[in-house]
2 protein chains.
Amino acid sequence: MTAHGEGVADGDAGNPSTSRQSSEAVDEPEARERARVIPEAAVARLAVYLRVLSGMADQDVSTVSSEELAVAAGVNSAKLRKDLSYIGSYGTRGVGYEVAVLIGQIERTLGLTRKHSVAVVGIGNLGHALANYGGFPSRGFPVSALFDLDPDLMGVPVGGIPVDHIDDIVRVCTEREITIGAIATPAKGAQEVCDRLVEAGVRCILNFAPVVLQVPEEVEVRKVDLAVEMQILSFHVARRGQEATELSEPEAAGPEKPENGAESGGAAMTAADHRMNAGGDPVDGMVVRP
Amino acid sequence: MTAHGEGVADGDAGNPSTSRQSSEAVDEPEARERARVIPEAAVARLAVYLRVLSGMADQDVSTVSSEELAVAAGVNSAKLRKDLSYIGSYGTRGVGYEVAVLIGQIERTLGLTRKHSVAVVGIGNLGHALANYGGFPSRGFPVSALFDLDPDLMGVPVGGIPVDHIDDIVRVCTEREITIGAIATPAKGAQEVCDRLVEAGVRCILNFAPVVLQVPEEVEVRKVDLAVEMQILSFHVARRGQEATELSEPEAAGPEKPENGAESGGAAMTAADHRMNAGGDPVDGMVVRP
DNA sequence: TGATGTGAACTCCTTCACAGCG
DNA sequence: CGCTGTGAAGGAGTTCACATCA
């Protein structure tokens with residue numbers, strides 16, 4: 001990343017765990033940069049507003065109030081107005097916003113007036129899904145290159161694009177002016193793939209592999225980790241159940257912060273062994289028809 | 001949601017936009033609830049630490065310092081120690097943490113000692129990927145039910161599980177004690193699917209469809225939106241390029257916050273029309289072999 | 001009148017820096 | 001002595017509430 005702190009939880013703590021891979025502190029404190037630095041969190045929401053607005057435009061809605069748009073996007077109107085204020089003042093007091101204008105301004109802000117060609121590396125199930133994902137080309141993100149290791153896949157068209165070998169990443173990505181790389185390989189190959197993408201000039205990476213990628217600071221990595229998402233959900237189930245328990249037996253339920261995990265220490269050990277294959281699970285350890 | 005605010009950017013602003021679907025404000029201010037409420041952002045990172053720790057355990061590493069673990073997880077050590085402090089004091093000063101103990105405690109905290117059966121709805125490319133994703137069962141999230149509309153898929157086993165009809169969601173999910181539902185349908189069917197899952201008692205939903213789901217407050221939704229992730233990356237490319245421009249021509253680059261978007265207003269209009277299919281794009285609008 | 005745009009309060013999270021303990 | 005655990009300081013993001021203007 002470049003500046004800004006974290007902002008996790010993607011909405012919330014990371015999410016598959018969407019959230020940008022924490023590249024850590026560093027932050028350029030540079031005093032300059034006035035008001036226009038849009039909070040990371042706001043950027044994510046702008047993308048959501050854009051989707052909602054597009055839907056409205058398709059239904060020939062020409063004007064929306066902050067309240068309407070907020071409800072449709074699942075946020076409160078104050079937050080929405082503040083988010084929009086980061087990109088300028090395009091509303092009309094007493095009336096609302098013109099859908100077309102907002103769409104245009106958000107697209108401009110998000111840099112969507114430029115085309116961003118995407119390369120997908122790792123053509124397993126997930127790679128197939130990405131290559132065929134209709135939401136990309138329709139939103140200005142054409143998938144223009146596919147890569148894999150499997151010799152059987154070379155040249156085979158997936159979603160209309162023939163698969164190239166991973167060794168050709170640098171050449172092909174440069175030729176096709178790829179700006180975004182999606183890594184859908186198993187964990188072990190991910191870092192190497194990443195390095196090649198960076199070498200090819202790719203500065204934005206969407207990482208589906210369950211590893212923390214090491215990249216130069218000018219490269220932006222966003223991570224999507226399904227297992228992490230699941231675990232976050234799991235946490236909420238657990239917490240909820242626990243709260244319920246506490247309500248029936250006020251104080252005395254679970255060991256919350258055991259200074260010295262006694263019984264829970266024992267449970268921990270057993271739990272530890274029931275866990276398996278750590279950093280090595282493939283993002284898509286399957287073939288298209290099992 | 002239940003308590004807590006947002007926490008976006010998940011790491012950063014949402015991601016596919018991981019981040020939990022903002023269910024908005026409400027927050028139960030209840031003064032009680034002592035120190036043990038783990039920040040949403042910390043929960044997401046705990047899941048990451050768990051993965052890294054598991055990898056270390058597989059390599060027979062028995063002890064780690066906060067510094068080592070922090071580097072491996074891509075965060076700074078102070079943050080890591082604070083995160084771990086939320087779940088208790090399991091380190092040894094002057095030494096570090098025992099890998100096995102930490103794994104057990106994190107698993108306990110995340111509620112991973114309990115099995116969470118997953119249902120996948122929408123067996124398109126993405127659904128296939130999810131059904132076959134090796135990372136789920138190996139982490140205690142067995143995929144135990146699959147649903148789709150397509151009559152041709154009924155009974156066909158995908159990843160070992162036969163596909164059931166969407167109309168049977170309530171019955172099947174109840175029978176198999178599903179606790180997590182993954183919605184990988186096109187946008188239009190998502191809300192209905194969601195309603196049925198909720199009716200079946202599912203309280204955690206991972207939503208891949210590009211819509212904001214409406215759910216009762218006791219249900220936790222996390223959203224993964226690939227298009228949003230892409231747009232966030234796009235924003236960073238744009239900002240970066242713009243910064244570079246500013247460096248060459250100090251002040252005078254792009255219209256940053258045009259009180260009255262003049263030229264940018266014009267550009268906006270054109271940009272608006274180049275956008276297409278709004279909220280209706282399927283998450284996986286493709287068949288397994290195109 | 002009615003909805004935007006925004007300063008200011010507030011809450012949540014991160015970072016610092018050091019006391020404390022093995 | 002080294003590393004953990006944490007109070008306190010500092011930022012970032014959210015919410016409030018109202019001045020402002022079409």
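Letters A, B, ... are given to chains in the order of the sequence lines, protein chains preceding strands, and every chain is numbered from 1.
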Practice prompt. Mind running a 4.0 Å heavy-atom check of residues 59-67 of chain B against DNA chain D and sending the residues that fall below it, in number order?
Written response: B:Ser65, B:Ser66
How many angstroms lie between [atom1] in [X] and [atom2] in [Y], if you round to the nearest 0.5 Å?
| X | Y | atom1 | atom2 | result |
| --- | --- | --- | --- | --- |
| A:Tyr49 | A:Leu102 | OH | CG | 11.0 Å |
| B:Leu112 | B:Leu50 | CG | CG | 6.5 Å |
| B:Glu40 | A:Phe235 | CD | CZ | 7.5 Å |
| A:Ser234 | B:Glu107 | OG | CD | 10.0 Å |
| A:Leu69 | A:Leu84 | CG | CG | 6.5 Å |

Run the side-chain hydrogen bond (donor to acceptor under 3.5 Å, both in side chains) test against [X] and tell me which residues pass, sequence neighbours left out.
| X | result |
| --- | --- |
| A:Tyr97 | none |
| B:Arg203 | none |
| B:Ser77 | B:Glu67 |
| B:Arg93 | none |

In whole angstroms, how far is the [atom2] atom of [N] from the [atom1] atom of [X]?
| X | N | atom1 | atom2 | answer |
| --- | --- | --- | --- | --- |
| B:Leu69 | D:dT4 | CG | P | 10 Å |
| B:Leu84 | C:dC13 | CG | P | 16 Å |
| B:Tyr90 | C:dC21 | OH | P | 19 Å |
| B:Lys79 | D:dT6 | NZ | P | 19 Å |
| B:Asp83 | D:dT6 | CG | C1' | 13 Å |

Item to complete: Could you please spell out the steps behind the side-chain hydrogen bond (donor to acceptor under 3.5 Å, both in side chains) verdict for B:Ser66 and B:Arg81?
Response: CA-CA 6 Å; B:Ser66 62; B:Arg81 287 200 302 278; 3.1 Å; yes
Under 3.5 Å, N/O pairs linking protein and nucleotides 20-22 of chain D:
residue : atom : partner : partner atom : Å
D:dT20  : O2   : A:Arg93 : NH1          : 2.5

Quick one: which protein N/O atoms are closer than 3.5 Å to N/O atoms of nucleotides 8-10 of chain C? Pair and distance per line, please.
residue : atom : partner : partner atom : Å
C:dA8   : N6   : A:Lys82 : NZ           : 3.4

Discussion item. Going by ring pair (Phe, Tyr, Trp, His ring centres under 6.0 Å), name the residues that satisfy it together with A:Phe141, two or more places apart in sequence or in a different chain.
Written reply: A:His116
Does a side-chain N or O from [X] land closer than 4.0 Å to OP1 or OP2 of [N], or not?
| X | N | answer |
| --- | --- | --- |
| B:Asn76 | C:dT14 | no |
| A:Tyr97 | C:dG5 | yes |
| B:Arg81 | C:dT15 | no |
| A:Arg45 | D:dT14 | yes |

Worksheet, complete the sentence: In short, the helix from C:dT1-D:dA22 to C:dG22-D:dC1 is bent end to end, axes from five pairs each side, to 10°, by 10°
Practice prompt. May I ask you to decide if A:Ser62's main-chain N or O and A:Glu98's side chain share a donor-acceptor pair within less than 3.5 Å?
Written response: no
Discussion item. Applying side-chain contact (heavy atoms from CB on, under 4.5 Å), can you list everything that pairs with B:Val95, at least two apart in sequence or on another chain?
Written reply: B:Thr63, B:Thr92
Practice prompt. Check side-chain contact (heavy atoms from CB on, under 4.5 Å) between B:Ala190 and all other residues, then give those that pass, not counting sequence neighbours.
Written response: B:Ile183, B:Thr185, B:Ala209, B:Val211, B:Leu213
Discussion item. Using the side-chain heavy atoms of A:Ser85, tell me which of these nucleotides is nearest: C:dC16, C:dG5, D:dG13.
Written reply: C:dG5
